[in-house]
Amino acid sequence: MTADKADIFYMQRCLQLAVKGLGRTRPNPLVGCVVVKDGVVVSEGYHQEYGHNHAERNALLRQGDFRGATLYVNLEPCSHFGKTPPCADLIVEKGISRVVCCNDDPNPLVAGRGFAKLEAAGIEVVRHVLEDEGRELNRRFFTFMEKKRPYVILKWAESADGFMAPAAAGNYWISDDVQTALSHRMRTEEAAILVGSQTYLDDRPRLTARRYRGLDPLPIVLDRRGRLHNVPPHWLHLQCQSLDEVMHLLRQRNVQSLIVEGGRTILDAFIAEGLYDEVVLFRGCRNFGDGLRAPAVPPLPEGRLHIM
Ligand SMILES: NC(=O)c1ccc[n+]([C@@H]2O[C@H](COP(=O)([O-])OP(=O)(O)OC[C@H]3O[C@@H](n4cnc5c(N)ncnc54)[C@H](OP(=O)(O)O)[C@@H]3O)[C@@H](O)[C@H]2O)c1
Ligand SMILES: [Zn+2]
């Protein structure tokens, strides 16, 4: 009942397929699936979009005789009726004889039930293959489930000499076209994006992903004192007094990931409360000489600081 080299290889393929859904499956996790029979891949699938088929269903609804095959999937197959019927039932129905999985379902109400259903049907189940890699891939989903708050990415742009804005008021640019496109791609990958009331007043940012193809995140502005009027109706205009309250509201709305885009005061507030998982810093090539200093990069686990 242990994993061998081939199991690791096919699980890597599942993760590679899963990531193709990035930006479109939220709030669902990224899931890929591979079906192998007699040493040959006979089908593949991944969860492409929220509300559409799960990875296992996409793989098993293809033509083919899957009896006696091994099914690889990076998340425990579901056992309940959601937007689609349970994948565990389909796996049993198709005559799969072995299931190799990466991560258990983190939801305590469903965890273990998918595996129990498979085992009850006589299917051999191997768990926790490439578990760390799977958690990394679905870090937004796992953070949300375990910490009960969105995965938080602090993001800012700074001039070559470390300023977020020049001293003089008016339009200014730090990022070049490639950096802008990258930051817009980032926006397609996360559920929401937030700025402070001062940034809203100074810059009137649109916070859309217009320079990249994909979904826009939910735009949010924090306005403790209620200084803002006429915030566009599709924005979430929050008048919370604390970030705890903000996190609580986002949890209720099932917002699993959040870009904190500034300004300095808001970034400092998130840093002071330890509310961050990742930092993405865009560094421009011009010097400003003076202005609003960018925050110091806070302590982060390895691999969680990205300088673009
Ligand atoms: N380079 C970049 O990446 C970048 C990104 C964004 C902005 N900027 C620049 O940054 C400047 C604005 O930065 P800023 O530091 O002055 O303002 P800011 O961080 O955008 O907004 C600060 C305001 O947010 C409100 N707020 C709401 N909830 C809060 C909380 N829990 N903790 C702290 N504040 C909270 C407070 O005002 P109330 O109490 O009135 O609500 C506070 O004064 C702009 O000039 C903009 O151009 C640069
Ligand atoms: Zn499913």
Side-chain angles (χ1 to χ4, degrees), residues 25 28-29 31-33 45-47 51-61 71 73-91 99 101 105 107 110 113-114 117-118 154-160 162-175 179-180 183 186 193-205 207 220-228 231 237-247 249 259-273 275 279-284 286 288 291-295 308:
T25 66
N28 280 345
V31 187
C33 177
Y46 67 99
H47 183 38
H52 292 204
N53 284 343
H54 291 178
E56 303 93 307
R57 185 160 296 273
N58 275 334
L60 292 175
L61 289 186
L71 180 139
V73 63
N74 62 294
L75 193 73
E76 177 176 355
C78 64
S79 57
H80 60 284
F81 279 86
K83 288 208 178 273
T84 48
C87 292
D89 291 353
L90 187 64
I91 292 170
V99 169
C101 192
D105 192 319
N107 182 345
V110 288
R113 295 203 186 160
K117 212 167 197 176
L118 299 174
L154 307 181
K155 182 249 155 179
W156 69 85
E158 62 180 48
S159 61
F163 295 100
M164 290 180 75
N171 273 347
Y172 66 93
W173 294 108
I174 296 176
S175 303
Q179 288 169 321
T180 303
S183 78
M186 221 180 116
I193 184 164
L194 175 154
V195 290
S197 54
Q198 198 56 48
T199 295
Y200 186 87
L201 289 170
D202 291 350
D203 301 350
R204 287 294 152 113
L207 305 185
I220 303 172
V221 59
L222 297 190
D223 177 25
R224 241 177 346 197
R225 283 175 288 167
R227 288 191 293 160
L228 308 181
V231 175
H237 176 195
L238 294 182
Q239 303 196 15
C240 303
Q241 297 307 306
S242 71
L243 294 186
D244 262 1
E245 217 181 308
V246 173
M247 292 294 113
L249 277 170
I259 301 172
V260 178
E261 176 110 4
R264 168 75 199 250
T265 310
I266 287 293
L267 287 164
D268 281 346
F270 275 83
I271 291 171
E273 299 203 20
L275 282 172
V279 171
V280 181
L281 201 167
F282 287 84
R283 190 167 281 151
R286 276 200 303 147
F288 284 171
L292 179 66
R293 271 244 163 256
M308 319 283 251

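Atoms within a ligand are numbered from 1 in the order they appear, just like the ligands themselves. Residue indices begin at 1 and follow the sequence shown. Because the structure is predicted, anything quoted here is derived from the model rather than measured.
Taking SG of Cys33 as the reference point, atom CG of Leu75 lies at 11.5 Å (rounded to 0.5 Å). Note: Tyr172 OH to Met164 CE = 7.0 Å, rounded to the nearest 0.5 Å. Taken to the nearest 0.5 Å, the CD1 atom of Ile220 stands 6.0 Å off from the CG atom of Leu238.
With Arg264 contributing its side chain and Ala165 its backbone, the two residues share no donor-acceptor pair below 3.5 Å. No side-chain donor-acceptor contact under 3.5 Å links Glu76 to the backbone of Cys101. Judged by distance alone, the side chain of Ser175 and the main-chain N or O of Thr180 form no donor-acceptor pair under 3.5 Å. Side-chain atoms of Asp105 come within 3.5 Å of backbone N or O of Asn107 as a donor-acceptor pair.
Distances from the Zn ion (ligand 2) to the N/O/S atoms of His54 are shortest for ND1.
Taking the Zn ion (ligand 2) as the corner point, the angle from Cys87 atom SG to Cys78 atom SG is about 110° (rounded to 10 degrees).
Within 4.0 Å of ligand 1, protein heavy atoms come from Trp156, Ala157, Met164, Tyr172, Ile174, Gly196, Ser197, Gln198, Thr199, Asp202, Asp203, Leu222, Asp223, Arg224, Arg225, Arg227, Leu243, Glu261, Gly262, Gly263, Arg264, Thr265, Ile266, Ala269, Leu292.
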